[in-house]
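None of these values were measured; they are calculated from a predicted model. We count ligands from 1, going down the list as the structure has it; atoms in each ligand are counted the same way.
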Amino acid sequence: MNNRVHQGHLARKRFGQNFLHDSSIIDAIVAAIYPQPGQAIVEIGPGLGALTEPVAERVDEMTVIELDRDLAARLASHPFLQSKLNIVQQDAMTVDFAALSAARGQPLRVFGNLPYNISTPLMFHLFSYTHAIRDMHFMLQKEVVNRLVAGPNSKAYGRLSVMAQYYCQIIPVLEVPPASFRPAPKVDSAVVRLVPYATLPFPVKDLSKLATLTSLAFNQRRKTLRNSLGNLFSAQQLAEQGIDATLRAENVSVEHYCRLANVLAERPVSQD
Ligand code: SAM
């Protein structure tokens, strides 16, 4: 059975529960995070504590955000962990990470073996708090990590690449096979480090313009920019920003998307 009982807990598919049990992988992830006493450490989805236990050994206290009430209750009565954990039993998508950072008086170090069904929207939620985050380490589907790090002119390069690379420097850390989890997921996984830029390399005046532009372009990624962005820019206007209108969405760099977003932000608001 796929969702077999593990340590007396039945893995819940709807919460994306795949528990890590491979000690060499766990050690490698904790080494990559390198938690230190005094840091504001936050884990998303601690589950049965596979990563929480070794991280908590290295620090005096940490915050964990767990949606599953049963798992949160287990952690609250865990003999070694209970005294060190600040347990937030809540959907991580609704957590105010700026408030968590303000309460600790320093930027957060966030990590988690994320539930794969919500990993992309959760990362977008976290991107809106990058001013309050020092770094993030996440276990994701390998395919998502490939998209996060992809550069222009590749199939994996898309909206997620542009938005993530707008906010963060992104470094793949290690690959993790399905057998490292119980139950084993159907796909390969990988751990990635995201470090928010202290100074954004290509700041945009209005982020909603960048979001709109990348949606428009990548939703029609086989079309040329002349077609996909034709309602917003003429070929001449694209050329003025150094962009060839016969290219496709995947050929445009993050810097160029940001330039276009700033052109849109400067336009007078239409009256109709
Ligand atoms: N960290 C554990 C490990 O590595 O074995 C568990 C990882 S499991 C892939 C994902 C965890 O996230 C589960 O404990 C699940 O209950 C929790 N979770 C799922 N959705 C969540 C949400 N929206 N907010 C917070 N936690 C969530």
If you draw a 6.0 Å radius around CZ in R267, do more than 12 non-hydrogen atoms from other residues or ligands fall strictly inside? yes
Using a 4.0 Å heavy-atom cut-off, say whether I118 meets ligand 1 through its side chain, its backbone, both or neither. side chain
Examine ligand 1 and decide if any of its atoms is less than 4.0 Å from a heavy atom belonging to Q90. yes
Are any of the heavy atoms in R12 under 4.0 Å away from ligand 1? no
Verify the distance criterion only: is there a donor paired with an acceptor across the side chains of E240 and Q236 at less than 3.5 Å? yes
Crowding at CG, D96 (>12 non-hydrogen neighbours, <6.0 Å): yes
Atom indices of ligand 1 within 4.0 angstrom of I65 heavy atoms, with elements: 25 (C), 26 (N)
Specify the protein heavy atom at minimum distance from atom 23 (N) of ligand 1: its residue, its atom name, and the distance to 0.1 Å. D91 OD1, 2.8 Å
Where do R221 and K155 come nearest, in terms of heavy atoms and distance? NH2-O, 3.2 Å
State if M93 counts as touching ligand 1 under the rule of any non-hydrogen atom under 4.0 Å. no
Heavy atom of the protein closest to atom 19 (C) of ligand 1 (residue, atom name, distance): F15 O, 3.0 Å
In ligand 1, which numbered atoms sit nearer than 4.0 Å to a non-hydrogen atom of E43? 1 (N)
Could you tell me, atom by atom, which parts of ligand 1 come under 4.0 Å of a heavy atom of A50? 5 (O)
Numbered atoms and elements of ligand 1 in range of P46, under 4.0 angstrom, heavy atoms: 1 (N), 2 (C)
Please write down residue, atom name and distance for the protein heavy atom closest to atom 13 (C) of ligand 1. Q17 CG, 3.6 Å
Answer with yes or no whether the side chains of T94 and D91 bring together a donor and an acceptor at under 3.5 Å. no
Looking only at side-chain N and O atoms, does S189 offer a donor or acceptor that is under 3.5 Å from a partner on Y116? yes
Which of the numbered atoms in ligand 1 are below 4.0 angstrom from a heavy atom of D68? 16 (O)
Best match, P115, P121, G16, A92: closest heavy atom to atom 8 (S) of ligand 1: G16
Could you find the nearest protein heavy atom to atom 17 (C) of ligand 1 and give me its residue, atom name and distance? E66 OE2, 3.3 Å
State, yes or no, whether a side-chain contact exists between N153 and E250 at a heavy-atom distance under 4.5 Å. no
Result for ring-ring contact (aromatic ring centres under 6.0 Å, His included) between Y257 and one of Y157, F202, F218 points to F218
E266/K205 salt bridge by N-O under 4.0 Å criterion: yes
Among A11, G45, G47, closest by any non-hydrogen atom to atom 1 (N) of ligand 1: G45
Can a salt bridge be assigned to the pair E61 and K84 using a cut-off of 4.0 Å between side-chain N and carboxylate O? no
May I ask which of V95, T52, N113, L114 has a heavy atom nearer to atom 4 (O) of ligand 1 than the others do? N113
If you look at every heavy atom in P172 and V145, which pair is closest and at what distance? CB-CG1, 4.4 Å
Ligand 1 atoms in contact with N18 (distance to a heavy atom under 4.0 Å): 7 (C), 8 (S), 9 (C)
Contact partition for L71 relative to ligand 1, non-hydrogen atoms under 4.0 Å: side chain
Geometric N/O contact L20 with ligand 1, under 3.5 angstrom: yes
Closest to atom 21 (C) of ligand 1 among protein heavy atoms sits L67 CB, 3.7 Å
With a 6.0 Å cut-off (strictly less than), is the heavy-atom count around OH of Y34, excluding the residue itself, greater than 12? no
